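Atoms within each ligand, like the ligands themselves, are counted from 1 in listed order. Values below: all heavy atoms of this structure, side chains included; hydrogens, waters and symmetry mates excluded. Everything numeric here is computed off the predicted structure, so don't read it as measured data.
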Amino acid sequence: MAANVKYTEDSIKSLDWREHIRLRPGMYIGKLGDGSAQDDGIYVLVKEVIDNSIDEHMMGYGRTIDIKISEHRVEIRDYGRGIPLGKVIDCVSKINTGGKYDSGAFQKSVGLNGVGTKAVNALSEYFKVQSYRDGETKVAEFEKGILLEDRKVERTSERNGTKVVFSPDSGVFKNYHFIPEYLENQIWNYAFLNSGLTINFNGTKYFSQNGLLDLLDRKVDEDSRRYPIIHLKGNDIEIAITHSNQYGEEYYSFVNGQYTTQGGTHLAAFREAIVKTVREFFKKDYDASDIRQSVVASIAVRVQEPVFESQTKTKLGSQSVGPDGPTLRTFVNDFLKNELDNYLHKHPDTANALLKRILQSERERKEISGIKKLANERAKKANLHNKKLRDCRVHYDDNKARDEDKDQTMLFITEGDSASGSITKSRDVQTQAVFSLRGKPLNCFGMTKKVVYENEEFNLLQHALNIEDGIEGLRYRKIVIATDADVDGMHIRLLIMTYFLQFFPDLVKNGHLYILDTPLFRVRNKKETIYCYTDEERQRAIHNLGKSAEITRFKGLGEISPEEFGKFIGDDIKLEPIILNKETKIADLLNFYMGKNTPDRQNFIIDNLKIEKDIVFDDPAKKVVEEEETEVA
Ligand SMILES: Nc1ncnc2c1ncn2[C@@H]1O[C@H](COP(=O)(O)OP(=O)(O)OP(=O)(O)O)[C@@H](O)[C@H]1O
């Protein structure tokens, strides 16, 4: 039935650039998010500005970039040529304005649309650009894209270059915060892809002499490398490879300096080419999965006018390296066939170590093949009516679904009937699924992959996620551990993390694992309700709402009513990502927390022991309502 709305001249609107960006920010910078995911929009804002400084560097101007990022403010200063003073305002506030359209030098850049800084400007509550050129400088300041101040050109003694300062609009990026580890990763990637460039980030120098070799050096600790990192460089292609002791495959792929978190045609070509080259080198048809098991590799290519599968540019779709160039598949394959083959001939120790790793993977695969077959049959049967899984409608690996919906998909892993009941009732069935565990999962520390098949819950979980043979087919963007905030809940959380870190580290490293933060207290009076995640927040809330406030302590997820729970997994969801930083070695980490009891761990526990005090209230007459929410059976 047609809606009864008149279609007249008044219905036709033209938006100016600023309005359009603010109306459809996702089109320009991807996910809005609060900064808890590596690809959230606030990091894209940072990237858009740094990319321009990098472009100057690549053209041969400026060897240093200074970056300062605090909670809500970003400052980026480069020492390039500086935007021509008369065009400073246009460059940041007039759509499709830029100096890169007909320059051959930028052919292999990620975007030449002349939108980057305009998007940042329109989506910032404060934006300032300053250009320095030959003793003169020009400043312009904006608020949400509206020019506040257009200052006259002045004399300066500062070096040539451009400075951009901005604060993301907190009305667009709700509750955002920059996560330092994400910024560090992002900035390291710039350093790795631009050897010779120095980035000063919040007082620390980021510099890489050896590109992708340094990247792998940062990602895999030395003791677990099976052979020294192989580093191969060619025209418009660079590759670094090693094998480790961990399960799964781990890749870092780049196109024209852009980190393609979801891979794409270049990565697919690499995975195929490494198998082919290795088989030819050893003259034996090893199983592809045995060759790739435990590989950690990075590939960076430059292609002309890259095509991406999603607008966030995280997955390459280009079939060829340029309009007249070979296909990416041929390009990558030819390169590896020559260079890797050559390298292995010259380094027999590496070749031997590689062979050993492949044979070990083959052996391990064969050892579990019997149980695997049985377990898969069981899982298939169970999946038809998997009692543990309450699935959602959209999936992350569904090519037909909208990007926004796919990005929203998440699987909550919960324990116990009441918690999973609460989540199941209040979730968004479109994108949120629930997997419920019965009791504590097994501590799988130190076990082999066999246990993932033998243990029914582990097996059903890997099938629910569809990660048995790698994470390409992962069915949810986020895997969210949702356990009670008590000692048992923490223990379960550690046990689930151990499962992922031990058997699916690539999933963790790719930023898919999260913890759900739920409030510990509710403080309310007749007019207002405040949810508190910490004791400090509780005290502040009591202060604000006055003496008559009612205070409820949520002991477990199951005690929060579905109506209330809806908020905590909906608009107000708080997710804490599990991030592995440079210093974390998975093996050491698991050994310390999950391995045999050691004096070290005992001391750690004693040092960190906190005795939970009974909550003391200023007013003894105030009542605490505990476990009041019992609507969910
Ligand atoms: N740091 C800088 N140094 C020199 N010129 C710059 C700098 N930042 C921006 N510019 C100029 O401003 C123009 C507009 O930048 P903007 O980021 O909006 O678009 P773009 O880089 O051309 O394309 P894209 O949409 O891919 O980002 C650039 O083309 C360049 O001429």
**Prompt:** Taking atom types as modelled and ignoring hydrogens, do the side chains of Gln258 and Lys47 form a donor-acceptor contact shorter than 3.5 angstrom?
**Reply:** yes
**Request:** State, to 0.1 Å, how close Ala300 and Leu193 come at their nearest heavy-atom pair, and which atoms those are.
**Result:** CB-CD2, 3.9 Å
**Prompt:** Under 4.0 Å from ligand 1, counting heavy atoms only, is it the side chain of Asp78, its backbone, both or neither?
**Reply:** side chain
Just list the side-chain donor-acceptor pairs under 3.5 Å for residues 142-157, sequence neighbours left out, or say none.
residue, atom, partner, partner atom, Å
Asp150, OD1, Lys138, NZ, 2.5
Arg151, NH2, Glu141, OE1, 3.1
Thr156, OG1, Glu158, N, 3.0

Distance-only donor-acceptor hits, side chain of residues 263-273, under 3.5 Å, sequence neighbours excluded:
residue, atom, partner, partner atom, Å
Thr265, OG1, Ser318, O, 2.6
His266, NE2, Ser253, OG, 3.4
His266, NE2, Thr260, OG1, 2.9
Arg271, NE, Glu249, OE1, 3.0
Arg271, NH1, Glu472, OE1, 3.4
Arg271, NH2, Glu249, OE1, 3.2
Arg271, NH2, Glu249, OE2, 3.4
Glu272, OE1, Arg329, NE, 3.3
Glu272, OE2, Arg329, NE, 2.9
Glu272, OE2, Arg329, NH2, 3.0

**Request:** May I ask you to identify, for Thr162, whether its side chain, its backbone, both or neither come under 4.0 Å of ligand 1 on a heavy-atom basis?
**Result:** side chain
**Any Lys118 heavy atom less than 4.0 Å to ligand 1** = yes
**Message:** If you measure every N or O of Gly116 against every N or O of ligand 1, does any of those distances drop under 3.5 Å?
**Reply:** yes
**Complete:** Here the atoms of ligand 1 under 4.0 Å from any heavy atom belonging to Cys91 are 11 (C), 12 (O), 13 (C), 14 (C), 18 (O)
**Message:** Please list, in number order, the atoms of ligand 1 under 4.0 Å from a heavy atom of Glu48.
**Reply:** 27 (O)
**Interfacing atoms of ligand 1 (cut-off 4.0 Å, heavy-atom, Glu56)** = 3 (N), 4 (C)
**Message:** Testing the 3.5 Å rule here: is there a donor-acceptor pair between the side chains of Thr137 and Gln130?
**Reply:** yes
**Asp405 and Arg477 ion-paired at < 4.0 Å** = no
**Prompt:** Among Val164, Thr117, Ile76, which residue places a heavy atom closest to atom 16 (P) of ligand 1?
**Reply:** Thr117
